[in-house]
> 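Sharing a structure with you now.
Order of appearance sets the numbers: ligands from 1, and atoms from 1 within every ligand.
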Amino acid sequence: MIAFLDLKKINHRFNGEFQEAIKEVLKSGWYILGEQGKAFEREFSAYCGVKYSLGCANGLDALNLAIRALGFGVGDEIIVPANTYIASILAITHNGCTPVFVEPNLQTYNIDVERVESAITSCTKAIMVVHLYGQVVEMQPIWDLAQKYNLKIIEDCAQAHGAMYQGRKVGALGDIGGFSFYPGKNLGALGDGGCVVGNDEALMQKIRALGNYGSFIKYENLYVGLNSRLDELQAAFLNIKLKTLDEDNNRRREIARYYREKINNACIILPKCVSEEGHVWHLFVVRCERRDRLQKYLKDKGIETLIHYPIPPHKQQAYKQYSALSLPITEKIHNEVLSLPISPVMSDEEVEVVVEAINGFRG
Ligand SMILES: *Cc1c(COP(=O)(O)O)cnc(C)c1O
């Protein structure tokens, strides 16, 4: 059996260091917003190349806090790719803002930069880019539009820790960025976690308060805040794992390269990689018209795959008001994508088994 993602094996590599970290936190008697959190924020800021990084409870909250701090609400529109994980959309609507869905590019699966300008209206306040599947969005046209129309750029970096564009890491490519440290992400905690990154001191201070009941001084509430903080244990675990993030991403790149070289099957469309540094392969997503048959075929051969994602946000029950939108490219992608196993702990033998199985698929 080849697991889609063997989290136990991924985390087992750090067992000894995790034990030490737990001891230290226990010894300190301090569990939320302490030294471990500060140390992680310092290291992660340095890693991303930003001035500030603020831990929070999860990736959804990171985006939610970012939009709240920017002051956007009812009547404000935020442009967002139509094929993204639901959290990108939830963060927008939780703040009362309106998501304006833009179709993706069928090659990269990221927002189609050619279609962004026509989606801008007098109500548009921001563009949320999502570096989907681990591949950085082509930022230059987004930067140009943001400048031309005076828009903020919010980055959803939940799938792309460490991906780079023109020598800069994701999180440092917009006004503000949100990361998730959900266990399955390229940098994953042993529970939930997230962080907001950015360079604007006033904005980031506001986020610090917003995530702590809207308070700078205990029991004095300046804003209508949330409780969204990163606990000390998760921060300590993340700091340990951050040290191997680049190495892990490189192993993912190696596997992706092998898949792209060796998978050769007319039924399968392989993912396009625009640049080596721009992709950290959170997911290796192929397309196949007979996707469900391919998934069953692989399952019968002991290979676990997943679909990211089976239903696009505008077709979800929760967002019935958008169900009539015509987004054919997004829907095509959702009907055809299949994510193959990829992880830093996958062995060469396992990768080879996947390649041979896929090459034997006859549709
Ligand atoms: C995982 C994910 C999120 C949300 O992160 P959580 O920590 O699960 O809340 C947001 N956006 C994208 C693109 C994601 O993949």
> If a pair satisfies ring pair (Phe, Tyr, Trp, His ring centres under 6.0 Å) and one of its residues is in residues 198-241, list it, with sequence neighbours excluded.
Phe18-Phe237
> What residues, two or more places apart in sequence or in another chain, satisfy side-chain hydrogen bond (donor to acceptor under 3.5 Å, both in side chains) together with Tyr165?
none
> How about Phe179 and His161: are their ring centres within less than 6.0 Å of each other?
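Yes, they do, as the ring centres are separated by less than 6.0 Å.
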> Mind checking whether Phe101 and His314 have parallel, tilted or perpendicular rings, split at 30° and 60°?
tilted
> Pick out the protein N or O atoms lying less than 3.5 Å from any N or O of ligand 1, and list each pair with its distance.
{"from": "ligand 1", "atom 1": "5 (O)", "to": "Ser180", "atom 2": "OG", "distance (Å)": "3.2"}
{"from": "ligand 1", "atom 1": "7 (O)", "to": "Gly59", "atom 2": "N", "distance (Å)": "2.7"}
{"from": "ligand 1", "atom 1": "7 (O)", "to": "Ser180", "atom 2": "OG", "distance (Å)": "2.6"}
{"from": "ligand 1", "atom 1": "9 (O)", "to": "Gly59", "atom 2": "N", "distance (Å)": "3.3"}
{"from": "ligand 1", "atom 1": "9 (O)", "to": "Leu60", "atom 2": "N", "distance (Å)": "2.9"}
{"from": "ligand 1", "atom 1": "11 (N)", "to": "Asp156", "atom 2": "OD1", "distance (Å)": "3.2"}
{"from": "ligand 1", "atom 1": "11 (N)", "to": "Asp156", "atom 2": "OD2", "distance (Å)": "2.7"}
{"from": "ligand 1", "atom 1": "15 (O)", "to": "Gln159", "atom 2": "NE2", "distance (Å)": "2.8"}
{"from": "ligand 1", "atom 1": "15 (O)", "to": "Lys185", "atom 2": "NZ", "distance (Å)": "2.7"}

> According to the ring pair (Phe, Tyr, Trp, His ring centres under 6.0 Å) rule, which pairs have a member within residues 241-262, sequence neighbours left out?
Tyr259-Phe284
> State the CG-CG distance between Leu90 and Leu63, to the nearest 0.5 angstrom.
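Interatomic distance, Leu90 CG to Leu63 CG, rounded to 0.5 Å: 10.0 Å.
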